[in-house]
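Have a look at the structure below before the remarks.
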Amino acid sequence: MKKRSFTAAEFDEKFEKGEDITSYLKLDKVIKPGLKAKKFFSNWPFSARPK
């Protein structure tokens, strides 16, 4: 079944009424802004362990 397109105003109205809008969202491409994989380097000597 193909999803029907609708306006932002209709989407807002559905949201404000408390209807389930998750079927209209593309959740497979969701990312959190500002979170990117970062390199981490640690140069700790492993032989200097406390006894």
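FYI, side chains are in, hydrogens and waters are out, and symmetry mates aren't considered; it's all heavy atoms of this structure. Computed from a prediction, not measured in an experiment: that's the story for all the values here.
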- prompt: How long is the gap from OH on Tyr24 to CD on Glu10, to the nearest 0.5 Å?
  reply: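 Output value for this atom pair is 9.5 Å.
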- prompt: Taking only residues two or more places apart in sequence or in another chain, which ones pass side chain to side chain donor-acceptor pair (under 3.5 Å) with Glu13?
  reply: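 In terms of side chain to side chain donor-acceptor pair (under 3.5 Å), with neighbours along the sequence ignored, Glu13 is linked to Lys17.
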Residues forming a side chain to side chain donor-acceptor pair (under 3.5 Å) with Asp20, sequence neighbours excluded: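 For Asp20, the residues satisfying side chain to side chain donor-acceptor pair (under 3.5 Å) (neighbours in sequence not counted) are Thr22.
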